[in-house]
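Notes follow the structure.
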Amino acid sequence: MPKFLPDIAGLFCLTTFLVKSFLRNDTLLEDGDPFWHIKAGSVMVDNNALLTSDIFSHTANGTRWISHEWLSEVLMALLHRAAGLGGVVCGALLLVSLSFWILFRVTRQFAGKWVSLLCVSLAYYLCGTHLAARPHLFSWFFITVTLAILLKGGRWLYGLPFITVIWANMHGGFIFGLLLQAFFISGSLLDGLADKKLPWTSRFIHLKSPLIVLAISIAASGINPFGFELLLFPLQVTKEIFVTSIPEWQSPDLRLLWQFRYFLIFLFLVMSFRGSSLSWTERLLFVFFINAALMHARNISVMVIILTPFLARVCNQMVQKSSIKLRTNSAAKPVPLSAVTGPLFTLAVGAAFIGICTFAESFHNPFEPRHILSTQRDRIEELSTFIDANRPEGNLFNEYNLGGYLLYAIDPPPRVFIDGRADMYGEQIFSDYKRIVFSEDLRESLLNAYEIDWIVFNKNSSIVEDLRAKDQWEPVFQNDDFVVLNRIDAPTPPLHKKKPAITGRPSI
């Protein structure tokens, strides 16, 4: 009988894609970052040139920008041109589903199908804390591929440098791939040293190929427009001012993220199981990535993806040594299942969804996200429509999360004060943004220093309440969520028809 029916990994891939597509796709556009990624990619595609300096703001205009996710941004822009935001969301969900298909197959090497299903489903649920249509989803995919190759070993290892080249041009998470290689090498060395029966030469000789591959991978990571400077990029985005201000870079609040708290408790209980035997590789991975997740909330997803196969292995040992018996009908004739039809069918369904998004103007598009920036779509579109038709003069001060959306939604876009590229704006501009928002004593002087003439912010924020009480500012637009304030004493007329704000080619 031909193998047409998908196996359990393929069914998991298809099911998760369909469920997210129809029921919970709104969460993928809850912050402003997907929008400036799309805009940056569009500018690069239009000009056939790489963005290496800022052209989007009036505060950092001309400042050098390490667009380390340039390839992801180009792909997002192309997908957006073909199928709009719905297409970008569908593409992101396809990437996530394929990542977890690979993770399921990797986990299945360590545990039975039901234990694997439980552990991978738990990982999928926890990764929802950082599920957004952004380039880091490519890191999820490449992490699972790297894990699969490292566990397979042999000649497969020589594929890792090629993966590193692509990964380094798509997202800064390629460093996790290099760390995984280093931990597998270190763990293998420590396991060999612990085995007194092995001769000294045998303890090191099997590490020759992994060490060569790691060296080539490190060299390959420099094949990008910014060279080996990307290896230092994490130091830019983890500076104190960003870590204390941007939620995803902060330590997770274990009171609010109760599911992660209970996962950690479960993890420690499993690791302390008497019958479990952790290799040195597993110990190194557990210690490093648990610490990484406790330092920065965005690393929770990376942690659970990497640790899932090894967690499943220990859980499987617990099941085998307990009285729990997972029922299987051994008498029934096994149905031949295919390992590839599940992901292939998922890709086909995803392509059909993207096709629907492409031609959605002629009929209702069920895949277009209804919520953007944690608010109803019509309210954010009301704001962008007003600014597009009646752009106030002068310099803009905008809410951090709104910057990317304003760049995306308005053509030509206004020069923003700030957007999600915090590393490019630097500590000074980011600090001044915080002072303007939160410090009543410094607010007016900084607004004058930056020559701010109009403000776009959340209607219920303290800065809006404070400025509306002053004589220098008046609202020219507001809805249930947002308000546009215009400086009354501005030297130019308060409103005028839109004018070009971003011109010229990007720096190469």
Side-chain angles (χ1 to χ4, degrees), residues 28-29 31-57 60-83 85 87-89 91-92 94-95 132-143 145 161-178 217-238 242 248 298 403-405 407-408 413 416 418-426 502-508:
L28 275 79
L29 297 173
D31 61 47
D33 285 359
F35 303 104
W36 67 256
H37 283 302
I38 294 170
K39 180 62 180 181
S42 296
V43 172
M44 286 187 271
V45 171
D46 288 339
N47 294 278
N48 195 27
L50 184 72
L51 277 171
T52 58
S53 63
D54 175 54
I55 63 170
F56 297 125
S57 76
N61 190 258
T63 300
R64 184 169 181 261
W65 176 36
I66 301 176
S67 51
H68 65 289
E69 299 160 328
W70 72 272
L71 185 54
S72 299
E73 290 161 353
V74 167
L75 292 176
M76 290 176 69
L78 293 174
L79 190 55
H80 181 269
R81 290 188 178 191
L85 285 178
V88 173
V89 168
L94 272 177
L95 193 59
R134 288 162 48 186
H136 72 273
L137 298 184
F138 286 100
S139 280
W140 290 11
F141 178 79
F142 287 120
I143 283 172
V145 173
F162 298 99
I163 291 172
T164 303
V165 171
I166 302 172
W167 196 352
N169 287 276
M170 303 198 83
H171 188 251
F174 75 92
I175 292 174
F176 287 127
L178 301 178
S217 296
I218 293 173
S221 69
I223 305 176
N224 67 81
F226 308 97
F228 294 105
E229 193 173 358
L230 288 191
L231 292 172
L232 302 176
F233 186 75
L235 301 178
Q236 299 273 352
V237 294
T238 55
F242 304 136
E248 67 182 79
R298 63 178 287 138
Y405 183 79
L407 293 174
Y408 160 84
V416 297
I418 199 168
D419 55 68
R421 301 168 298 155
D423 54 281
M424 189 276 300
Y425 284 96
I502 294 178
T503 58
R505 294 173 62 85
S507 301
I508 302 176

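Expressed to the nearest 0.5 Å, how far CH2 of W65 lies from CZ of F226 amounts to 8.0 Å. Taking NE2 of H171 as the reference point, atom CD of E69 lies at 5.0 Å (rounded to 0.5 Å). Taking CD1 of I163 as the reference point, atom CD1 of I143 lies at 12.0 Å (rounded to 0.5 Å). Atom OG of residue S67 and atom CE of residue M424 lie 10.5 Å apart, to the nearest 0.5 angstrom. For the atom pair E248 CD and F242 CZ, the distance stands at 12.5 Å (nearest 0.5 Å). Note that CZ of R421 is 8.0 Å distant from CG of L51, once rounded to the nearest 0.5 Å.
Under the 30°/60° scheme for interplanar angles, the aromatic rings of H80 and Y408 are found to stand perpendicular.
Using a 4.0 Å cut-off between charged nitrogen and carboxylate oxygen, R64 and E229 count as a salt-bridge pair.
Heavy-atom minimum distance, F228 versus I218: CE2-O, 3.2 Å. Considering every non-hydrogen atom in both A92 and L137, the closest pair reads CB-CD1, 3.6 Å. Of all the heavy atoms in W167 and G173, the pair that sits closest is CZ2-O, 3.1 Å. Taking every heavy atom of both residues into account, I38 and L85 meet most closely at CD1-CD2, 4.0 Å. Of all the heavy atoms in V88 and L79, the pair that sits closest is CA-CD2, 3.8 Å. Nearest heavy atom pair, residue F56 against residue D54, reads N-OD1, 3.1 Å.
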Margin query: Quick one, H136 with W140, criterion ring-ring contact (aromatic ring centres under 6.0 Å, His included). Give me CA distance, side-chain angles, the key distance, then yes/no.
Written below: CA-CA 7 Å; H136 72 273; W140 290 11; 5.6 Å; yes

Checklist line | Criterion side chain to side chain contact (heavy atoms under 4.5 Å, CB included) on F142 and M170, from CA distance to verdict | finding: CA-CA 10 Å; F142 287 120; M170 303 198 83; 3.9 Å; yes

Check: Does the side chain to side chain contact (heavy atoms under 4.5 Å, CB included) test come out yes or no for S221 and L230, once each step is laid out?
Finding: CA-CA 8 Å; S221 69; L230 288 191; over 6 Å; no

Notebook entry, point to check: Step by step, would you call V45 with R81 a side chain to side chain contact (heavy atoms under 4.5 Å, CB included)?
Noted result: CA-CA 11 Å; V45 171; R81 290 188 178 191; 3.6 Å; yes

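Within the 4.5 Å cutoff, the side chain of L28 has no heavy atoms near those of the P34 side chain. The closest side-chain heavy-atom distance from P225 to W70 is below 4.5 Å. Two residues are said to be in side-chain contact when any heavy atoms from C-beta on lie closer than 4.5 Å; L50 and M44 meet this criterion. Looking at H68 and P135, their side chains never come closer than 4.5 Å, going by heavy atoms from C-beta outward. Side-chain contact check for I166 versus F174: every heavy-atom pair is 4.5 Å or farther apart. By the 4.5 Å heavy-atom criterion applied to side chains, L95 and F138 are counted as neighbours. The shortest distance between side-chain heavy atoms of T63 and Y425 does not fall below 4.5 Å.
Here the side chain of N47 pairs no donor or acceptor atom with the backbone of A49 at under 3.5 angstrom.
Applying the 6.0 Å contact sphere to CZ of F162 captures no more than 12 heavy atoms from other residues, nucleotides or ligands.
Evaluation of the salt bridge (Lys or Arg N to Asp or Glu O under 4.0 Å) test over residues 161-170, restricted to residues two or more places apart or in two chains, returns none.
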